[in-house]
There are 2 protein chains.
Amino acid sequence: MTTVTIKDVAREAGVSVASVSRALNGTGGVTAETEKRIRDVAARLRYIPHGAARSLITRRTHTIGALLPDMYGEFFSELIRGIDLAARARGLHLLVSSAHDGVEDAAAALRTMRGRVDGMIILSPRADASFLHTNLPESLPTVLLNSPLRGPRYPVLNIDNHGGAHAMVRHLAVERGYRDIALVAGPHDNYDAQQREEGYRAAMAEFVPGASLRIIRGEFTEESGYRAGCEMMASGKLPRAVFAANDMMAIGCLLALREAGVRVPEEVAVTGFDDIPIARYITPALTTVQVRIVDLGRSALERLAALLDAPDQATPPEADTLGCHVVVRDSCGARPPGKTSTKKAR
Amino acid sequence: MTTVTIKDVAREAGVSVASVSRALNGTGGVTAETEKRIRDVAARLRYIPHGAARSLITRRTHTIGALLPDMYGEFFSELIRGIDLAARARGLHLLVSSAHDGVEDAAAALRTMRGRVDGMIILSPRADASFLHTNLPESLPTVLLNSPLRGPRYPVLNIDNHGGAHAMVRHLAVERGYRDIALVAGPHDNYDAQQREEGYRAAMAEFVPGASLRIIRGEFTEESGYRAGCEMMASGKLPRAVFAANDMMAIGCLLALREAGVRVPEEVAVTGFDDIPIARYITPALTTVQVRIVDLGRSALERLAALLDAPDQATPPEADTLGCHVVVRDSCGARPPGKTSTKKAR
DNA sequence: AGCTTCGATGAAAACGTTTACGTTCCACCC
DNA sequence: GGGTGGAACGTAAACGTTTTCATCGAAGCT
């Protein structure tokens, strides 16, 4: 009464449940005539197959799970969007579990996924090797995002943080000719932050050999960027350029400088990393490193889908990095300031 | 071998599967001693219960489904975030299906949810009454978001578009004293757009009676806002204030005016709707209507959870609207321009 | 000692599907 | 006309749980 099952359809159509299953799934073995009859009855009763029951025996859920940390804004939505877009194209669905903070929380989330997903995409700072080993079913295909982990166990997809930072510093040093380039770094325990800092160091050593490095620690927040800006002012000596390890800090820094009456980019150039939407609207428009997050999500899903199709062979689980490139706007002094030419609609 | 089931645990611990189930679920009926033995074995074997199997008999999935249209940016991520946060607090999980464009696509998504979710949150322009009737299992608790639908069938949660628009026009007309207020409207077939337009009309009739309305049609995109701005320029007569039905159009309009050398807000005031993050960073900072999207998601989930707990009684499925209020920044001429004071960190 | 009561445990049914395996029936071929 | 083959369909097992019911034993009571 309350919910209609395959048995109801079978009874109503005067056939066995097996035939209903065959007819509705398009596996052969039923007359065109009976198939039609069954389909009609199913439609009339508004029968909808029970997913859990089906996947219990099929061993396929056509669903993939995404484990994400509690994250804000654009990065999150773009990532989900990329994953979901690719998933939909492959007829897969998406079970997301974001917004978990503790490691125990994440473990619980992971456990409840068992039996509900065919594979996992995991982006989590807490997900080290032992965590995965204890909480991930042996045989569940999994792709890691932005993880320091290596090895044959799981494929890993990373943003090319090192390359992006390197390219930005090169732009600042070589094309703009700045030598005194400060870094507003991210938190120590953050993998992205580490990579970006390393890229900065490498590029400085390469393009401005002998220069003394200037690094201010931030936390990827606008406020910490603001503080970094104030700190620079207080030190008495401003650098010629500031490279912030993400856009929010760059913006915070920008505001601090602006408030203090320092002209950007004439006196100090400021650049960021991520290319969040705000970047192109702020004045001066922010020069930054663009990373195509949608593509990251898409790639992750496609990698995972490949794993699902090919039982285990093929697809070497090598680490893969997703390219990013610097997009030059006004805040680095590349163009005469005052003219914004960003009309790119979304 | 590949996956360990409850039977393996039972065999290894020398008990029946029933006892394992009891021990692990904390239902009474097992000695503390055997419970410990079972728990140990389960941990050693790294047993994880199979969700689908469990929910097949339990009739509970502890998962709720979200059906969303293909949407961009902040709105999407904030909504998901709100839902997920509240869900996690209640021990529920989230199955999202976004990025569907066609109605057929949405129907398919809805059908595959059967048996995988305990309830649904639906935000979709396509979800009219007949669509829901044919694709939604009779007994599945459902909450509608931003839907024109009314009636006892489903609870509906709406943004107070009408009230927000009304309040904005009131601010422009009464507190700022502008009389020539133009509207850059959203697409005709969009429910939010309709409501906002109505709010505008009502407020104009109330506060600037007799004034001739000036409405330019847009599509909620930056580019259409830009075009609207150009159109106003071309008409030869600029309004004193422009109220765009969302922030992206307001920004597009702003850029068009700035490019033409029109000073905002001295010559023309510009305001928007949504309070996307960009709004406070653009120059001049945008006066807009803030809607707490996170709260919308949270409320939706809590409403749904109430439905799940109380079989059907209680909780009158009345329509509910979520308040929003105007946040005054620089673009409406409220403060002396040039000073941005937005340090609010997230 | 015999009876009842109660707690711990196991056996088995149930959830709603898919699918391997039989069975039936009809057409076809020598 | 009897055998062969194959298509259509039904029966039942299986998937991994939870839960009802029965069983068993020990403890408590008279």
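Numbers restart at 1 for each chain; the letters A, B, ... are given by sequence-line order, proteins then strands. Everything numeric in this text was worked out from a predicted model, so none of it was measured.
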Visitor: What's the NZ-C1' distance between B:Lys7 and C:dG10, to the nearest Å?
Guide: 15 Å
Visitor: Which atom pairs, one a donor and one an acceptor, fall under 3.5 Å between side chains of residues 18-30 of chain A and the rest of the protein, sequence neighbours left out?
Guide:
| from | atom 1 | to | atom 2 | distance (Å) |
| --- | --- | --- | --- | --- |
| A:Ser21 | OG | A:Asn25 | ND2 | 3.4 |
| A:Asn25 | OD1 | A:Arg54 | NH1 | 3.3 |
| A:Asn25 | ND2 | A:Ser21 | O | 3.3 |

Visitor: What's the NE2-P distance between A:His50 and D:dT17, to the nearest Å?
Guide: 16 Å
Visitor: Using whole Å, report how far NE2 of A:His62 lies from C1' of C:dT18.
Guide: 12 Å
Visitor: What is the distance, rounded to the nearest whole Å, between atom CG of A:Leu24 and atom P of C:dT18?
Guide: 8 Å
Visitor: What pairs with B:Val17 under side chain to side chain contact (heavy atoms under 4.5 Å, CB included), at least two apart in sequence or on another chain?
Guide: B:Ile6, B:Lys7, B:Ala10
Visitor: Measure from CZ on B:Arg59 to P on C:dT17 and round the result to the nearest Å.
Guide: 10 Å
Visitor: Measure CG/B:Asp8 against C1'/D:dT17 and give the value in whole Å, please.
Guide: 13 Å
Visitor: Tell me the bend of the helix from C:dA1-D:dT30 to C:dC30-D:dG1 as the angle between end helix axes, each from five pairs, rounded to the nearest 10 degrees.
Guide: 60°
Visitor: Among residues at least two apart in sequence or on other chains, which ones pass side chain to side chain contact (heavy atoms under 4.5 Å, CB included) with B:Ser124?
Guide: B:His100, B:Ile122, B:Arg126, B:Ala127
Visitor: Name the pairs: protein N/O against N/O of nucleotides 19-26 of chain C, kept only if under 3.5 Å.
Guide:
none

Visitor: Would you mind reading off the distance between A:Arg114 atom CZ and D:dC15 atom P, rounded to a whole angstrom?
Guide: 13 Å
Visitor: Quick one: list whatever passes side chain to side chain donor-acceptor pair (under 3.5 Å) with A:Asp128, sequence neighbours left out.
Guide: none
Visitor: Any salt bridge between A:Asp40 and A:Arg37, counting N to O under 4.0 Å?
Guide: no
Visitor: Tell me every residue that passes side chain to side chain donor-acceptor pair (under 3.5 Å) with A:Asn135, counting only those two or more places apart in sequence or in another chain.
Guide: none
Visitor: Assess the residue pair A:Arg46 and B:His133 against the criterion (side-chain hydrogen bond (donor to acceptor under 3.5 Å, both in side chains)); give the C-alpha distance rounded to whole Å, side-chain angles, the decisive distance to 0.1 Å, and a yes or no.
Guide: CA-CA 10 Å; A:Arg46 287 197 281 136; B:His133 178 257; 3.3 Å; yes
Visitor: Can you list the residues that meet the salt bridge (charged side-chain N to carboxylate O under 4.0 Å, His left out) rule with A:Arg59, with sequence neighbours excluded?
Guide: none
Visitor: So, using side chain to side chain donor-acceptor pair (under 3.5 Å) as the criterion, who are the partners of B:Arg11 when residues are at least two apart?
Guide: B:Asp8
Visitor: Round to the nearest Å and state the distance from B:Arg54 atom CZ to D:dT19 atom C1'.
Guide: 13 Å
Visitor: Looking at residues 28-47 of chain B, who's got a heavy atom less than 4.0 Å off DNA chain C?
Guide: B:Gly29, B:Val30, B:Thr31, B:Thr34
Visitor: When you check the phosphate oxygens OP1 and OP2 of D:dG10, does a side-chain N or O of A:Ser16 lie under 4.0 Å from one of them?
Guide: yes
Visitor: With sequence neighbours left out, write down each residue that passes side chain to side chain contact (heavy atoms under 4.5 Å, CB included) with B:Ala52, or none if nothing qualifies.
Guide: A:Ala52, A:Ser55, B:His50
Visitor: Who are the side chain to side chain donor-acceptor pair (under 3.5 Å) partners of B:Asn190, not counting sequence neighbours?
Guide: none
